[in-house]
2 protein chains.
Amino acid sequence: MAAANIKQVAKHAGVSLGTVSNVLNRPDLVSPTTRQKVLDAITALGYVRNDSARQLRAGRSRTVAILVLDVSNPFFTDVVRGAEAVVEEAGGMLIVCNSGEDPHREQRHLDMLEEQRVQGLLVTPVSDGRHPRLDAFVERGIPVVLVDRGSGHPSRCSVAVDDVTGGRLAAEHLAERGHERIAYVGGPITIRQVADRHLGAATALAERDVPLDLQLVKTSSLSVDAGRQAADDLAALPPDQRPTAVFCANDLLALGLLQGSIAHGLRVPEDIAIVGYDDIEFAAAAAVPLSSVRQPRAQLGRTAAELLLEESINEDGHQHRHVLFQPELLVRKSSDHHR
Amino acid sequence: MAAANIKQVAKHAGVSLGTVSNVLNRPDLVSPTTRQKVLDAITALGYVRNDSARQLRAGRSRTVAILVLDVSNPFFTDVVRGAEAVVEEAGGMLIVCNSGEDPHREQRHLDMLEEQRVQGLLVTPVSDGRHPRLDAFVERGIPVVLVDRGSGHPSRCSVAVDDVTGGRLAAEHLAERGHERIAYVGGPITIRQVADRHLGAATALAERDVPLDLQLVKTSSLSVDAGRQAADDLAALPPDQRPTAVFCANDLLALGLLQGSIAHGLRVPEDIAIVGYDDIEFAAAAAVPLSSVRQPRAQLGRTAAELLLEESINEDGHQHRHVLFQPELLVRKSSDHHR
DNA sequence: GGCCGCAAGTGAAACGTTTCATAGACGTGA
DNA sequence: TCACGTCTATGAAACGTTTCACTTGCGGCC
């Protein structure tokens with residue numbers, strides 16, 4: 001019973017091999033009596049279809065892969081869950097691969113996925129440049145959708161979130177609450193997200209009726225510790241020069257800044273208002289609930305999967321699309337105060 | 001060029017089909033000249049091996065699957081990363097599947113993985129009982145390793161972390177710091193981990209030279225909010241009845257308790273010492289860094305994968321093993337105070 | 001010179017499925 | 001009675017690989 005195949009099922013049921021296949025794939029072509037005989041045989045022998053053979057014959061698999069930069073990053077886990085829902089809805093299976101931001105592991109995974117002739121690939125490549133490796137997929141007829149990367153490429157779809165708008169939302173909110181000395185805490189500025197959020201915030205402030213300046217506080221990383229460090233720096237300033245509001249490049253920085261500010265005796269939001277980015281799980285659970293910009297992560301995954309499946313089904317008529325999602329500002333207590 | 005196969009490569013290189021296969025799988029059997037000709041042809045045609053055919057022939061794949069309860073739970077993501085390292089080291093590929101604690105999705109994934117004839121399966125089943133479904137894998141010759149579940153099953157390996165010891169560590173630590181009124185905050189008590197940690201802590205205290213009682217504070221969930229709620233309850237007690245130390249069933253509770261205690265004007269650790277469980281990322285980053293019991297999560301994944309590969313290779317001589325890891329107590333400021 | 005062994009390369013068979021052209025049984029209408 | 005269509009069931013071919021028994025060519029040894 002270790003490995004029954006279709007032939008043995010056919011013999012056991014007293015029908016031909018093709019009939020068993022029909023029961024499996026087009027049951028309506030088979031008379032009820034025969035069908036039942038076959039189903040009984042399948043149960044009796046513990047038959048399980050061999051997907052390799054099926055795939056070999058079909059030329060492609062029903063498996064969609066998602067290759068992420070970091071399986072333990074909540075951003076990607078939410079994207080995965082969104083994509084999963086769509087793929088499973090369509091009767092497929094999503095497998096998750098992790099490059100860990102390592103180009104070699106990315107390469108290895110791409111090699112194996114290409115050998116497996118997956119139905120499609122959702123991927124956030126390690127590097128942001130050109131990707132000849134991905135073109136090979138497309139040429140082989142395997143659709144590729146870029147996630148949060150390199151929008152605008154002509155030969156594949158992409159989905160991303162608009163970080164410039166995110167920065168704008170945060171800055172506008174703070175300006176509307178009457179703040180006039182606003183700072184942006186973040187770094188390294190070489191990270192696209194860090195730069196885009198800064199750009200959006202700075203632009204929004206400059207465009208106001210009374211243009212405002214956005215003070216830039218650079219950090220060496222996007223961690224809680226770096227946020228605390230920034231709090232030390234800000235607390236050291238004389239109160240009349242200290243920003244009354246801070247927009248942080250992500251929530252880790254914001255939480256560190258929040259803790260550090262409180263430790264320095266500053267009241268949040270009265271003395272210093274804080275807005276973070278990402279709306280991580282702990283944002284709402286902080287000592288002072290943290291305002292934050294939320295990205296529609298699951299939506300990103302869902303849409304990516306939908307674009308992929310559409311391309312996969314409608315191979316010829318498919319038009320590549322580049323979907324840009326808008327983030328959303330969640331105002332919580334850390335910035336909910338009018339000056 | 002869309003889909004070159006071995007035959008076309010052979011023709012292009014002017015050799016037989018078997019020779020191409022030898023170049024791919026046993027290059028030392030082929031003379032350097034011929035080998036180079038074949039490699040050139042492979043490049044020229046953009047040939048990529050078809051894994052379905054290879055698998056069909058070989059009867060099994062080189063893919064190991066891990067089926068977890070929740071891809072977005074850091075516990076599992078760390079387990080995944082540990083397993084990943086081992087599997088990739090061995091030249092295989094790890095695919096991650098997510099049951100989302102839903103028995104139907106678990107079932108679906110198991111069905112598809114069985115059809116795919118994966119090399120092996122690491123799994124944390126949704127339910128804790130018997131698993132006839134997994135026995136089918138074993139009968140088919142697909143090794144299964146249980147992760148953090150049902151140790152002791154005779155027909156498969158398992159890995160888990162000893163929660164009783166974890167509870168013991170936390171309680172002993174608090175007792176040694178001179179605490180005599182100690183509480184355990186957690187619930188629902190039907191969750192095995194919650195119960196085991198409680199058992200370990202209660203036992204440790206009862207076994208002391210001067211036996212101590214462990215006060216039980218039940219919560220309805222393991223969330224930050226439930227922890228805050230518990231803080232309210234404790235703060236309402238008269239100081240001479242209030243526990244001077246609390247061990248929480250997980251870090252979310254502990255962080256909520258920490259915030260709530262501070263909000264009620266209690267000093268941590270002077271008025272109330274707190275120990276959590278899981279050592280989540282934010283434990284060390286809390287306003288008062290949180291003491292916590294850490295589970296060797298990546299090690300769990302690594303060992304699970306090692307057991308699996310061992311069974312896979314040494315099919316006959318394999319002895320099923322049940323590895324129980326010991327957790328570790330990290331003392332941080334939230335409990336670092338002698339009464 | 002005859003024999004042997006070795007290195008290199010060959011090509012048919014097998015893996016398990018799906019598909020497709022075809023055959024048989026049976027009922028219906030002319 | 002015959003021709004025809006419908007419904008079922010059949011089994012060979014094809015998917016692309018790996019393996020293995022086999023040939024071929026060549027050099028060494030007695």
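Naming: A, B, ... by sequence-line order, numbering from 1 per chain. Being a predicted model, the structure only gives us computed values, none of them experimental.
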**Student:** Are the aromatic ring centres of A:H320 and A:H318 under 6.0 angstrom apart?
**Tutor:**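 Between A:H318 and A:H320, which both carry aromatic rings, the centre distance is below 6.0 Å.
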**Student:** Rounded to the Å, how far apart are A:L24 CG and C:dT17 C1'?
**Tutor:**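 Answer to the nearest Å: 10 Å.
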**Student:** Within the structure shown, what part of the strands sits under 4.0 Å from A:S52 by heavy-atom distance: base, sugar-phosphate, or nothing?
**Tutor:**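 Counting heavy atoms under 4.0 Å across all strands, no contact is made by A:S52.
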**Student:** If we ignore angles and hydrogens, is there a donor and acceptor under 3.5 Å between the side chains of B:R81 and A:S72?
**Tutor:**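 Side chains of B:R81 and A:S72: pair found under 3.5 Å.
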**Student:** Ignoring the backbone of B:N50, work out which of D:dG16, D:dT18, C:dT17 is nearest its side chain.
**Tutor:**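 The answer is D:dG16.
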**Student:** A:L56 has a side chain; which of D:dC15, D:dT18, D:dA12 sits nearest to it?
**Tutor:**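 Among D:dC15, D:dT18, D:dA12, the one nearest the side chain of A:L56 is D:dC15.
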**Student:** How far apart are the C-alpha atoms of B:N98 and A:E84, what are their side-chain angles, what is the distance that settles it, and do they pass the side-chain hydrogen bond (donor to acceptor under 3.5 Å, both in side chains) test?
**Tutor:** CA-CA 9 Å; B:N98 183 31; A:E84 213 166 37; 3.1 Å; yes
**Student:** Counting just side-chain N and O atoms, does B:T19 come under 4.0 Å of either OP1 or OP2 of C:dT10?
**Tutor:**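 So the side chain of B:T19 is within the cut-off, an N or O lying under 4.0 Å from OP1 or OP2 of C:dT10.
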**Student:** Need one value for B:N22: base, sugar-phosphate or nothing, where a base atom within 4.0 Å counts as base even if backbone is also close, heavy atoms only.
**Tutor:**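 Contact class for B:N22: base.
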**Student:** With the side chain of B:V15 defined as its heavy atoms from C-beta on, choose the nearest nucleotide among C:dT10, D:dT18, C:dT18.
**Tutor:**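 Comparing C:dT10, D:dT18, C:dT18 against the side chain of B:V15, the answer is C:dT10.
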**Student:** So what does B:S31 hit on the nucleic acid, given a heavy-atom distance under 4.0 Å: a base, only sugar-phosphate, or nothing?
**Tutor:**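 If one applies the 4.0 Å heavy-atom cut-off, B:S31 turns out to touch the sugar-phosphate alone, with no base involved.
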**Student:** Ignoring backbone atoms, test whether A:R26 places a side-chain nitrogen or oxygen under 4.0 Å from the OP1 or OP2 oxygen of C:dT18.
**Tutor:**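 No, because none of the side-chain N or O atoms of A:R26 sits under 4.0 Å from OP1 or OP2 of C:dT18.
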**Student:** Report the distance from atom CD1 of B:I6 to atom P of D:dT17, rounded to the nearest whole Å.
**Tutor:**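 Answer to the nearest Å: 5 Å.
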**Student:** Counting side-chain heavy atoms from CB outward, which of C:dT17, C:dG9, D:dT8 is closest to A:T34?
**Tutor:**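 Between C:dT17, C:dG9, D:dT8, the one nearest the side chain of A:T34 would be D:dT8.
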**Student:** Kindly say whether B:L69 contributes a backbone atom to a donor-acceptor pair with the side chain of B:E101 at under 3.5 angstrom?
**Tutor:**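 Side chain of B:E101 to backbone of B:L69, a donor-acceptor pair under 3.5 Å: no, none is there.
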**Student:** From the set D:dC15, D:dT10, D:dT18, return the single nucleotide nearest to any side-chain atom of A:R57.
**Tutor:**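 Nearest to the side chain of A:R57 among the choices is D:dC15.
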